[in-house]
Amino acid sequence: MAVRRTAAGRRPGALLGAVAILLAACGRSGASQAGGTVHRTVPLGGSVQGRPISAVELGDPRAARRVLVVGCLHGDEPAGAAVADALAAGPRPAHADLWIVPVLNPDGMAAGTRGNAHGVDLNRNFPSGWRRIGAQGSAHHPGAAPLSEPESAAAARFVRRVRPTVAIWFHQHLAVVDGSQGPKDVERRFARDAGLPLRSLPDYPGSATGWENTIVGGSAFVVELPGGRPSPEAVRRYVSAVRRVTGN
Ligand SMILES: [Zn+2]
């Protein structure tokens, strides 16, 4: 299906613009190297409505520390995408391979909906503990089957390939770092640096982090940013907290 160019579709357009600038800056391959580090954009797949889903790789591809940041999984929770975009525009980590997926649910972001264009809550569509918990039309509809959606399937392929040693999945609006599944020391430090409390949230069936932790144990955690649009100062604080995770 063609990508709709509506006022609400500014985000994918902005992302494409950023990718185009990156490609122009980096040459035809979309990659540039300096001191063994890279800054390149890698296509991961597409959404139900055909919007591209991409990752930006920043840093040393050979580094043992592989950090994944997913900015926006629920389309009505866009704050993390601003953090991801700022990270992607920043310097390359010298001692980590940083992977940034600004928007995993571009259709939901364009429409301002939690779910994707099928009305599926992508954070209930992953294989670990997947259950039929919400009917079609409900906020937590898990899809017809695990990874039935192109967005979650693209994320799963990517995670299996990269096997991030730390993964941060941004959400909104609880203003808390979920200290229940990921690396405890990283969660604690991230919470302190980000100025958010550390608290354990429930482990939802079919969640992305729950599944990712079956691929690389104790690696993935959720950061619930506050509601609304983050101030430039807040974005800088979250970016700096992620950069501490990469060792920079
Ligand atoms: Zn969310």
Side-chain angles (χ1 to χ4, degrees), residues 44 55 64-74 77 79-81 83-84 87 96-105 114-115 120-134 139-140 142-143 146-147 149 151-227 238-239 241-247:
L44 304 188
R65 173 165 283 219
R66 298 180 300 278
V67 179
L68 168 64
V69 173
V70 178
C72 176
L73 173 67
H74 289 138
E77 301 171 4
V83 179
L87 259 178
D97 192 18
L98 173 60
W99 287 91
I100 303 158
V101 180
V103 183
L104 187 58
N105 180 8
R114 175 182 175 90
V120 172
D121 182 344
L122 298 174
N123 210 29
R124 303 291 181 273
N125 189 237
F126 283 80
S128 179
W130 183 90
R131 282 193 281 127
R132 294 182 198 281
I133 46 172
H140 301 287
L147 303 183
E149 304 309 302
E151 298 90 351
S152 45
R157 278 196 308 273
F158 175 69
V159 164
R160 283 199 178 100
R161 181 161 71 78
V162 171
R163 300 180 61 84
T165 54
V166 178
I168 299 168
W169 292 70
F170 282 113
H171 288 263
Q172 282 179 283
H173 314 268
L174 299 180
V176 64
V177 174
D178 180 10
S180 58
Q181 298 180 320
K184 299 295 169 225
D185 54 334
V186 176
E187 290 170 350
R188 258 194 306 274
R189 196 178 63 209
F190 188 95
R192 199 182 55 228
D193 292 347
L196 296 169
L198 183 67
R199 226 177 55 210
S200 289
L201 300 174
D203 187 11
Y204 299 106
S207 76
T209 48
W211 172 77
E212 190 170 345
N213 280 322
T214 69
I215 302 297
V216 182
S219 61
F221 63 103
V222 163
V223 173
E224 286 266 356
L225 297 174
Y238 302 138
V239 163
V242 174
R243 290 184 59 74
R244 285 281 302 274
V245 173
T246 67

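Only a predicted model underlies this, so the values are computations on that prediction, with no experimental measurement involved.
Using modelled atom types, one side-chain atom of Arg66 and one backbone atom of Val162 make a donor-acceptor pair closer than 3.5 Å. Not one N or O on the side chain of Ser128 forms a donor-acceptor pair closer than 3.5 Å with the backbone of Gly206. Put simply, the side chain of Glu224 gets close to the backbone of His173: a donor and an acceptor are under 3.5 Å apart. Judged by distance alone, the side chain of Trp99 and the main-chain N or O of Ala55 form no donor-acceptor pair under 3.5 Å. Panel note: side chain Arg124, backbone Gly134; no donor-acceptor pair is recorded below 3.5 Å.
A pairwise comparison of heavy atoms in Gly115 and Asn105 identifies O-ND2, 3.2 Å as the closest pair. Across His74 and Asp121, no two heavy atoms sit closer than the pair NE2-OD1, 2.7 Å. The two residues Asp178 and Leu201 have their closest heavy-atom pair at OD1-N, 2.9 Å. Annotation for Tyr238 and Pro226: closest pair OH-CD, 3.3 Å, computed over non-hydrogen atoms. Across all their heavy atoms, Asn125 and Ser152 have their closest contact at OD1-OG, 2.5 Å. Residues Gly71 and Ala84 share a closest heavy-atom pair of CA-CB, 4.2 Å.
Interatomic distance, Glu212 CD to Gln181 CD, rounded to the nearest 0.5 Å: 10.0 Å. Leu198 contributes atom CG, which lies 6.0 Å from atom CD of Glu187 (distance to the nearest 0.5 angstrom). Distance CZ/Arg243 to CG/Leu87: 7.5 Å, rounded to 0.5 Å. Here CZ of Arg160 is found 4.5 Å from CH2 of Trp211. Values are rounded to the nearest 0.5 Å. Cys72 SG to His171 NE2: the interatomic distance, rounded to the nearest 0.5 Å, is 9.0 Å.
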| task | Show your reasoning for whether side chain to side chain contact (heavy atoms under 4.5 Å, CB included) applies to Arg114 and His140. | result | CA-CA 9 Å; Arg114 175 182 175 90; His140 301 287; 3.2 Å; yes

| said: Test side chain to side chain contact (heavy atoms under 4.5 Å, CB included) on Asn123 and Trp169; report intermediate values, then the result. | reply: CA-CA 10 Å; Asn123 210 29; Trp169 292 70; 5.5 Å; no

| said: Could you walk me through whether Arg157 and Arg161 satisfy the side chain to side chain contact (heavy atoms under 4.5 Å, CB included) test, starting with their C-alpha distance in whole Å, then the side-chain angles of each, then the deciding distance to 0.1 Å, before giving a yes or no? | reply: CA-CA 6 Å; Arg157 278 196 308 273; Arg161 181 161 71 78; over 6 Å; no

| Step by step, would you call Phe221 with Val186 a side chain to side chain contact (heavy atoms under 4.5 Å, CB included)? | CA-CA 10 Å; Phe221 63 103; Val186 176; 4.0 Å; yes

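Classified by interplanar angle (parallel below 30°, tilted 30° to 60°, perpendicular above 60°), the ring pair Phe190/Phe170 is tilted.
Looking at heavy atoms from C-beta onward, Val83 lies in side-chain contact with Leu225 at the 4.5 angstrom threshold. Side-chain contact between Thr209 and Asp203 is absent, with no heavy-atom pair separated by less than 4.5 Å.
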